[in-house]
Amino acid sequence: MSRPLPPLIVHIIYRLGIGGLENGLVNIINNLPEDSYRHAIICLADSTEFSQRIKRQDVVIHQLHKRPGQDWASFYTVYRLLKQWQPAIVHTRNLAAIEYQVCALLAGVSYRVHGEHGWDVFDPDGSNVKYQWLRRILGSIIHRFIPLSQHLQDYLLNRVGIPAAKITRICNGVDTKTFYPRSGIRQIPDGCSLNLDQKLVIGTVGRMHGVKDQLTLVGAFINACENSPEFAQIARLFLIGDGPLRAEAIDLLNAASLTDKAWLPGERDDIPEILRSFDIFVLPSKAEGISNTILEAMASGLPVIATRVGGNPELVLDGTTGCLVEKEDVTGMSAAMQELVMDDDKRRQLGKAALQRIQAEFSIDSMVNRYRQVYDKQ
């Protein structure tokens with residue numbers, strides 16, 4: 001007699017591309033035991049080569065190629081897929097997917113979960129009343145909310161009005177088999193022509209669009225180079241990622257005659273190796289949930305300079321594992337970078353403490369076990 005198939009979880013996301021939300025989803029699928037759950041992914045937009053990080057061969061990925069704005073046909077498509085697949089659980093993520101919980105309800109899915117991974121680009125501080133009401137109304141049909149940060153949990157409780165009994169906060173975990181510190185000599189990333197001998201690399205990783213605010217980092221780097229000839233001699237800047245701010249960043253560096261001290265290669269798929277070429281990691285975002293790139297940088301043994309927004313203070317302990325500065329504060333970020341470039345002992349001490357904090361509190365096994373506990377309540 002054949003064994004029954006494990007329950008199916010359908011994950012609904014906007015797009016399966018490079019990003020923290022998507023990375024977390026892939027980690028859950030790869031690390032939940034195969035005999036406990038099956039998985040399918042509905043991409044409202046599309047899927048990219050990032051899907052190749054999924055190690056399981058039985059994961060169905062369906063792309064809707066949804067039109068911008070309210071595409072009513074997409075709701076019918078999702079409803080039809082859910083009726084056909086009969087999942088035990090639907091797990092939507094972020095504002096772009098939350099409305100499809102209605103499809104799950106109508107299709108008879110008995111357990112409905114929604115994850116809040118970070119702020120929407122159109123609502124970077126959660127102040128949009130329309131979006132608060134949307135979450136509140138749909139909260140009546142969602143069984144479990146999973147915010148990644150204390151900041152997002154407080155938003156759901158106090159601004160949206162979701163009952164505490166419906167909320168389970170689960171912080172991201174990081175794969176320390178993939179992200180680990182450099183040992184020995186620095187390996188120059190493929191395609192990088194900068195001479196890094198006796199230099200210190202300050203870098204960031206992420207999509208180069210408004211809320212990520214790499215332009216503040218560029219401004220801080222320019223400021224530090226202009227204020228300190230010694231900094232300018234030692235420091236080099238890596239901006240990894242693509243998006244509309246990339247061209248603006250290049251223009252700023254050009255205007256300051258600093259393009260020979262910076263590398264902007266666009267989107268890359270060798271992030272673990274690139275992080276091991278860094279000496280200092282900076283996250284200049286205007287808003288964040290729980291940043292995967294901060295976790296990955298800390299696992300790589302790097303001190304982190306981050307803005308004091310969202311979940312960043314939960315990860316970066318100011319003065320212990322890194323430095324916190326105010327968002328859009330070019331002068332403060334410049335000062336923090338100069339201090340870590342000039343103080344070898346402090347830089348190494350913060351990086352060592354960052355790695356220890358990851359190993360103690362942010363393992364991927366702990367994250368996966370907590371998601372399994374939520375799913376097992378179906």
Side-chain angles (χ1 to χ4, degrees), residues 18 20 23-24 27 171-190 192 194 196-206 214 217 220-221 224 231 234-241 263 265 268-285 288 290-308 311-325 333 336-367:
I18 293 174
N23 191 60
N27 282 335
C171 190
N172 282 342
V174 62
D175 183 354
T176 54
K177 297 183 181 70
T178 301
F179 295 93
Y180 53 85
R182 170 169 87 232
S183 60
I185 193 168
R186 184 201 319 267
Q187 298 297 310
I188 309 296
D190 289 343
C192 178
L194 297 185
L196 300 181
D197 185 36
Q198 296 186 327
K199 308 300 182 191
L200 293 175
V201 173
I202 300 167
T204 194
V205 176
Q214 287 91 344
L217 171 54
F221 182 78
F231 178 94
I234 299 170
R236 297 295 179 264
L237 179 65
F238 282 12
L239 301 178
I240 312 301
W263 184 51
R268 299 281 293 211
D269 59 7
D270 55 345
I271 299 304
E273 292 78 15
I274 287 179
L275 283 175
R276 283 190 283 277
S277 74
F278 285 16
D279 297 287
I280 299 165
F281 182 85
V282 183
L283 194 77
S285 304
E288 276 293 339
I290 287 292
S291 166
N292 274 291
T293 51
I294 284 182
L295 293 172
E296 291 163 359
M298 292 170 66
S300 302
L302 299 173
V304 175
I305 300 170
T307 46
R308 198 187 304 272
N312 291 352
E314 295 177 51
L315 304 182
V316 180
L317 304 182
D318 194 20
T320 301
T321 66
C323 310
L324 292 172
V325 299
M333 188 172 289
M337 293 194 305
Q338 289 179 70
E339 181 182 11
L340 292 190
V341 164
M342 299 305 170
D343 191 335
D344 292 346
D345 288 342
K346 181 168 187 178
R347 188 177 65 253
R348 294 184 185 117
Q349 177 186 342
L350 295 179
K352 182 179 179 181
L355 176 61
Q356 290 172 341
R357 180 160 160 77
I358 286 294
Q359 293 169 336
E361 299 184 38
F362 296 99
S363 75
I364 202 164
D365 290 342
S366 172
M367 177 196 76

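Residues passing the salt bridge (charged side-chain N to carboxylate O under 4.0 Å, His left out) test with Arg186 are Asp279, sequence neighbours excluded. Residues forming a salt bridge (charged side-chain N to carboxylate O under 4.0 Å, His left out) with Lys346 (at least two apart in sequence, or on another chain): Glu339. In this structure, Gln187 has no side chain to side chain donor-acceptor pair (under 3.5 Å) partners at least two apart in sequence or on a different chain. Residues forming a ring pair (Phe, Tyr, Trp, His ring centres under 6.0 Å) with Phe231 (at least two apart in sequence, or on another chain): Phe221. For Asp345, the side-chain contact (heavy atoms from CB on, under 4.5 Å) test picks out Asp343, Arg348, with sequence neighbours left out. Residues meeting the side chain to side chain donor-acceptor pair (under 3.5 Å) test with Thr293, sequence neighbours left out: Ser291. In this structure, the salt bridge (charged side-chain N to carboxylate O under 4.0 Å, His left out) partners of Asp344, at least two apart in sequence or on a different chain, are Arg347. Applying the side chain to side chain donor-acceptor pair (under 3.5 Å) criterion to Asn292, with sequence neighbours excluded, gives Asn172. Residues passing the side chain to side chain donor-acceptor pair (under 3.5 Å) test with Asp318: none are found, sequence neighbours excluded.
Using a 4.5 Å cut-off on side-chain heavy atoms (C-beta onward), Thr307 and Leu324 make no contact. A heavy-atom distance below 4.5 Å is not found between the side chains of Thr204 and Ile240. Contact annotation: the side chain of Val174 never approaches that of Met298 to less than 4.5 Å [non-hydrogen atoms, C-beta and beyond]. Contact annotation: the side chain of Leu239 never approaches that of Val205 to less than 4.5 Å [non-hydrogen atoms, C-beta and beyond]. The shortest side-chain heavy-atom distance between Met337 and Ile280 does not fall under the 4.5 Å cut-off. Looking at heavy atoms from C-beta onward, Leu196 lies in side-chain contact with Val201 at the 4.5 angstrom threshold. Side-chain contact between Pro265 and Phe238: absent, with no pair of heavy atoms (C-beta onward) separated by less than 4.5 Å.
Minimum heavy-atom separation, Ala306 to Ile294: CB-CD1, 4.0 Å. Closest heavy-atom contact between Ile202 and Ala235: CD1-CB, 4.1 Å. Across Pro181 and Ala299, no two heavy atoms sit closer than the pair CD-O, 3.5 Å. Nearest heavy atom pair, residue Gln214 against residue Pro284, reads CA-CG, 3.9 Å. Taking all atoms of both residues into account, the shortest heavy-atom contact from Pro303 to Leu340 is CB-CD1, 4.2 Å. Residues Asn27 and Gly173 approach most closely at ND2-O, 4.2 Å, considering heavy atoms.
Thr321 places no side-chain N or O within donor-acceptor distance of the main-chain N or O of Ala353, the cut-off being under 3.5 Å. In this structure a side-chain-to-backbone donor-acceptor pair under 3.5 Å is present from Arg357 to Leu315.
Atom CG of Leu295 is separated from atom OG of Ser363 by 11.0 Å, given to the nearest 0.5 angstrom. Note: Asn312 CG to Ile305 CD1 = 12.5 Å, rounded to the nearest 0.5 Å. Leu302 contributes atom CG, which lies 15.5 Å from atom NZ of Lys352 (distance to the nearest 0.5 angstrom). With rounding to the nearest 0.5 Å, the separation of CD in Glu288 from CZ in Arg308 is 15.5 Å. Annotation: the span from Glu314 atom CD to Glu361 atom CD amounts to 11.0 Å, rounded to 0.5 Å.
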| Trace of the side chain to side chain contact (heavy atoms under 4.5 Å, CB included) decision for Leu237 with Leu217 | CA-CA 9 Å; Leu237 179 65; Leu217 171 54; 4.1 Å; yes

Atom pairs and distances, donor-acceptor, side-chain atoms in residues 270-278, under 3.5 Å, two or more places apart:
from, atom 1, to, atom 2, distance (Å)
Asp270, OD1, Arg268, NE, 3.0
Asp270, OD2, Arg268, NH2, 2.8
Arg276, NH1, Thr178, O, 3.2
Arg276, NH1, Tyr180, O, 3.4
Ser277, OG, Ile274, O, 2.5

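Within the structure, no pair that satisfies the salt bridge (charged side-chain N to carboxylate O under 4.0 Å, His left out) test touches residues 294-304, not counting sequence neighbours.
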